[in-house]
Each structure stands twice: as C-alpha cells, then as structure tokens.
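The chain is numbered in sequence order, starting from 1. No hydrogens, no waters, no symmetry mates; every other heavy atom, side chains included, goes into these values.
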Amino acid sequence: MKIGIPRETLPLEKRVATVPDVVEKLHGLGFTVAVESGAGAAANFDDDSYRAVGAEVLPDAAALWAAADIVLKVRPPSAEEVALMRPGTILIGFIWPAQNPELMQQLAAKQATVLAMDCLPRTLSRAQKMDALTSTAGVSGYRAVIEAANAFGRYFNGQITAAGKVPPAKVFVAGAGVAGLAAIGTAANLGAIVRANDTRAEVADQVKSLGGTFVKVDYDEDGSGGGGYARVMSEGFQAAQRQMYATEAQNADIIITTALIPGKPAPRLITAEMVQSMKPGSVIVDMAAEQGGNCELTVPNEAVVRHGVTIIGYTDLASRLAKQSSTLYATNLLRLMEELCKAKDGVPVVNMEDDAIRGLTVIKDGAVTWPAPPLKQAPAPAPKAAAAPVEHKKVAHGHGSSGPLPGKTLAVIFAIAAVAFWFIGAYAPAAFLGHFTVFVLACFIGYMVVWNVTPALHTPLMSVTNAISSIIAIGALVQIASPAAGTDGRPDSLITWLAFAALVLTAINMFGGFAVTRRMLAMFRK
C-alpha cells in the first residue's frame, strides 16, 4: 500500500509528517511512499532529499490524496482535504475528536479509518514509543524558554561584571507536565532560579531533579486525573491556587504556563491584576493559547505588551523547531506503523483487541469508535498465604528448645576455647602467634563490619569489597609495622614485601572503585 505525506495547510505550520530517514524504514515495512512537492521545505527537507531515498514526489495535494491508501499528517485535515480523500483511506495524525465533531462526521462519511495520535493511552508503557504528544510537548517546552529569553531584557544566569552585579532571572512555571518539565530543565540549565507548581503532588520530585523548586498550594487536594493528565480542581483549591499565583507573579521575571485539561478550555491561572502586579519588562509565555490561554490577557498567535509585561501567545512553538519536531513525530508514526504492519508486507492491520491501537482508533471503516472503553485493569495480585507458625522441636539437653544455647553450654565452649588459646600460646612459635592474632582480629572485624556496611553512594557489592579491602590494608600495615622474624631472627623481607604489595593493590582497588562510582553517578547528573 502507498503512504501519502501531504503538505500541511494550516497557517504557521512548518512540520511534516515524515522525514527522509524514516522513509527508508517505511520501505522496509513493505510500503511505498509518496510526498507532496514542498511538504518538507519549511522543515529543511527538500524534494530531492525524499527522492534520494526512493520516495515519489507528486506535484500537488489532489494527486497526493488520490494516490494514497494511507495518509500521515500532523494537523487535522481541512474540509478541502477531506473532500480530496478517497473512500476507505486510513488517516493517521492529530485529530482532537472532542474539539472537532464536524470533522469526525465528515471522515466517517468517507468510510475512513482514522487513528488519532492525541488519543493514545499514555498510561500503557508499551505505547510510549508512539507518544507523539510527549514528543511535541518536550519541544514546545524548550522553545517556550527560548522565546522568553528573546523577549526578556536580561541574562538568565547571574553574573558579576566590572559594571556591577547582574541577578539571575526568576522563572515560575505553572504546570509540570512534559512541557513544563522541559521548560524547567531548560531555564535551570540557562542559570535561572526556577520555581514550579502543579496540581499533581507526585511531580514534585521530578521538578527538584531538574533543578527547580516545587511550590505547593496551601490546600490538601490531589489533582491527578486519568491518563496522566490533571483534573478540574475544587473551588477551595482554586482560590488557594490563585492566591499563591498572585504572590509568585509579583516576584517572577518570567512566567510560563502549560496547564491543560483534556476536552476542556484551558484554565485561567493568571488574571489581569496579576499581570499588572508584575515588574515592567517581565515576560509571560502562555503555552495554552490555542485552547483559550491560561492568562486572561493572552492573544493567540501574537506577542502583546500589557502593563509593561510581554505576553507571548504563540500556538506554533513546536513548529518553530520544525526539523527537530518533525523528526521526533516521524519516529512516533514509524513505531505505530510497525505495530500495524508486523508482517512487514505493506498491509496494515488495525487490531481492535490491542489496547494501544484501540485507543488510537477513533473511526473504523466509517463507524465512529471514539471514545475508547476504559482500559482493563490488571488483576490485583493474590494475597500471600500466612506463613504457618514454626514449631520448635524439643531437644534432649538444657531447657529443651532450639533457641539460644543455655548458660552451662556456653561456659563449656568458652572453657574449651580458653584452653585451646593457652595451648597455642604456650607451644606455638612466636611468629605463628602473631599471624594467628591478626587472623582472629580480621575475622571478628569482617563479621562485625563487612556484613553491616550500609551501601549509600555505591552498590552493595562495592561496599562489601571496599570493607574487605580495608581489612586487608589493616593487616598489611600491621605486618609492615612489625615485620615477622625469619629463622635467623632478622625481619623476613619476603613477608614485608608481600604485605607492601597487598597494601598497594588494595589501595588501587579501593580508590579505583570510588572513581568508577563517581563516573557512574556523573551519568545521572546534568
């Protein structure tokens, strides 16, 4: 079957649904690929780059839609594009069925099968490779900080110059989803002081891990909703949240808002009064502008100045990094095509028994199947049976239990041990007695220290080996400080050199282990 890639018609949209590197992989699944001329030009992919990987370049949209069995898009199709669609076509892209009921009816009338990338069940771990919303939000969050930096009149990081001290910028991020976390990480990496808030308390650790400070609303209510999204909060929570936002607005130089609730207008978080309370020259980037905006004064697709504050309402943030976002989106679509065409024969199979594919499919052969039924919950693990009480067997001695040894038995054992030590001390050579004493001390230290080491900044295995190495080092130092005497009464140089070698090798092992540990930990730091 033939996959068609049309040029996006929505104003300001520069992305393309697939890129030349992915075209080759689609061919490997058995598909042929056709691209409308100029489809990738705005994302820096010219027609020749598609031809070089075997894609057919068609002159216009009419030819593309007429030839394609499967159409991959970024934005929802326009009415004109639906009119060009062949009956029975498979359409894959962002559809937003809740916001576009008329489009859903038009597509159903075409007997189309439609897979909406915005309807992917994001709680399925196996679906993460197809999660285009996450890919897009990450790019948008990064770009939001870049737009803020462009409009802001100072450095993000603090500096001390010959002309004076420059304080770091203070950034407040409202909403710590994927886009918000990307904005937090980018602003923190630029040196800003970052504070963030989210209705979901579980994201606090993620905010801190990216270098931000989580600001909690003084109201006990959790905002976790279905599918990893936030939900609408109570009036009491919203009042406490507004009070907190008013305080943050007075102190912040830059505010980035990302709050969205699926199927509903964006919640209003920043009022006109809050904007007026901000310092002149401050910046607000409203990432929810396309859904109505989180700021009361936002104008979609424009950057306006109100009360000395620049309010950016661009709806094409991901498109402003068109090459990067197109590449990520094309990879998400490739992973979906791999799921649809596991046989690699160029024939996609929409398996409605697959939870991920069922969630994506909003129209199947002209029948509207949206919304998808709730995901089946995994059965709770069966409770473990209570362990049967252990019965202690009677024994013939002492009190008849298998517990601690009775006092008489312990006394006998210690008496035998004392006699053995006296015998060794009286008749064994002096050199043996010294070695034996070190051995006993090492065994005692090994039992009391090695097995009680708490692994804090290294692995349990490394903590045990380091503890053992410490015991070897102590033993070697004892031998070097008090060298064993040879047969002629002089220090035994062989034992001394062996102790020195043991000390050197042990030191290498210990310091090398800590060096490796530091390198491992550095992999998880920015």
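Taken to the nearest 0.5 Å, the CD1 atom of Ile92 stands 5.5 Å off from the CG atom of Leu72. To the nearest 0.5 angstrom, Asp198 atom CG is 9.0 Å from Gln206 atom CD. Atoms CG and CG, on Leu317 and Leu12 in that order, are 11.0 Å from each other to the nearest 0.5 Å. Atom CG of residue Leu26 and atom CD1 of residue Ile3 lie 4.5 Å apart, to the nearest 0.5 angstrom. Taking OG1 from Thr310 and CE from Met278, the interatomic distance works out to 10.0 Å, rounded to the nearest 0.5 Å. Of the inter-residue distances, the one linking Cys295 atom SG with Met287 atom CE reads 15.0 Å to the nearest 0.5 angstrom.
In this structure, Thr186 contributes its side chain and Ala183 its backbone to no donor-acceptor pair below 3.5 Å. Remark: the backbone N or O of Ile363 is not paired with any side-chain donor or acceptor of Thr361 at under 3.5 angstrom. Side chain of Ser325 to main chain of Thr136: no donor-acceptor pair is present (N/O by atom type, distance under 3.5 Å, no hydrogens or angles). The closest donor-acceptor contact from the side chain of Arg268 to the backbone of Gly293 lies under 3.5 Å. Using modelled atom types, one side-chain atom of Arg358 and one backbone atom of Thr369 make a donor-acceptor pair closer than 3.5 Å. Looking only at distances, no side-chain donor or acceptor of Asn150 sits under 3.5 Å from a matching main-chain atom of Ile146. Put simply, the side chain of Lys110 gets close to the backbone of Met85: a donor and an acceptor are under 3.5 Å apart. Looking at Ser326, its side chain never comes within 3.5 Å of a backbone N or O of Lys323 through a donor-acceptor pair. A donor-acceptor pair is defined here as one N or O able to donate and one able to accept, closer than 3.5 Å; no such pair exists between the side chain of Thr298 and the backbone of Asn294.
Counted within 6.0 Å of NZ on Lys264, heavy atoms from surrounding residues, nucleotides or ligands total 12 or fewer; the atom is thus considered open. In Lys25, the NZ atom is not crowded: 12 or fewer heavy atoms of neighbouring residues, nucleotides or ligands sit closer than 6.0 Å. Counting non-hydrogen atoms of neighbouring residues, nucleotides and ligands closer than 6.0 angstrom, the OH atom of Tyr155 reaches no more than 12 such neighbours. Residue Phe152 places its CZ atom among more than 12 non-hydrogen atoms of other residues, nucleotides or ligands, all under 6.0 Å distant.
Counting heavy atoms from C-beta outward, Glu290 and Asp316 have side chains that stay 4.5 Å or more apart. Contact of the Arg75 side chain with the Phe94 side chain is not registered, since no non-hydrogen atoms from C-beta on lie closer than 4.5 Å. Asp60 is not listed as a side-chain neighbour of Leu64, based on a closest heavy-atom distance of 4.5 Å or more. A 4.5 Å side-chain heavy-atom check between Asp286 and Ile312 finds every atom pair outside the cut-off. In this structure, the side chains of Asn197 and Gln241 come closer than 4.5 Å at one or more pairs of heavy atoms. In this structure, the side chains of Pro77 and Leu91 come closer than 4.5 Å at one or more pairs of heavy atoms. When side chains are defined from C-beta on, Thr113 counts as touching Val350, because their heavy atoms get closer than 4.5 Å. Between Val35 and Leu58 there is no side-chain heavy-atom pair separated by less than 4.5 Å.
Residues passing the ring-ring contact (aromatic ring centres under 6.0 Å, His included) test with Tyr245 are Phe172, sequence neighbours excluded.
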Next on the checklist: Is there a salt bridge (charged side-chain N to carboxylate O under 4.0 Å, His left out) between Lys216 and Glu221? Walk through the geometry before answering.
Outcome noted: CA-CA 11 Å; Lys216 191 176 184 299; Glu221 182 178 352; over 6 Å; no
Checklist entry - Going through the checks in order, is the side-chain hydrogen bond (donor to acceptor under 3.5 Å, both in side chains) test met by Arg122 and Thr134? => result CA-CA 9 Å; Arg122 303 174 77 184; Thr134 294; 2.8 Å; yes
Checklist entry - Run the salt bridge (charged side-chain N to carboxylate O under 4.0 Å, His left out) check on Glu248 and Arg195 step by step: do they pass? => result CA-CA 9 Å; Glu248 293 295 328; Arg195 295 166 63 85; 2.8 Å; yes
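Ion pairing between Asp69 and Lys2 fails under the 4.0 Å rule for side-chain N and carboxylate O. Under 4.0 Å is where a charged nitrogen must lie from a carboxylate oxygen, and between Arg320 and Glu147 at least one such pair does. The pair Lys279-Asp253 meets the salt-bridge criterion, since a charged nitrogen lies less than 4.0 angstrom from a carboxylate oxygen. The residues Lys73 and Glu36 are annotated as not salt-bridged, no charged nitrogen and carboxylate oxygen being separated by less than 4.0 angstrom. For Lys129 and Glu339, the salt-bridge test passes: some basic side-chain N is under 4.0 Å from an acidic carboxylate O. Ion pairing of Arg15 with Glu8 is absent here, as no side-chain N (NZ or NE/NH1/NH2) approaches a carboxylate O to less than 4.0 Å. Checked for salt-bridge contact, Arg126 and Asp355 miss the test: no charged N lies under 4.0 Å from a carboxylate O. Note on Glu81 versus Arg7: no salt bridge recorded, every NZ/NE/NH1/NH2 to OD/OE distance being 4.0 Å or above.
Pairs passing the ring-ring contact (aromatic ring centres under 6.0 Å, His included) check and including a residue from residues 276-319, sequence neighbours excluded, do not occur. Within the structure, the ring-ring contact (aromatic ring centres under 6.0 Å, His included) test picks out no pair touching residues 15-54 (sequence neighbours left out).
When each of Leu210, Ile184, Val145, Ile255 is checked for a side-chain contact (heavy atoms from CB on, under 4.5 Å) with Val173, only Ile184 meets the rule.
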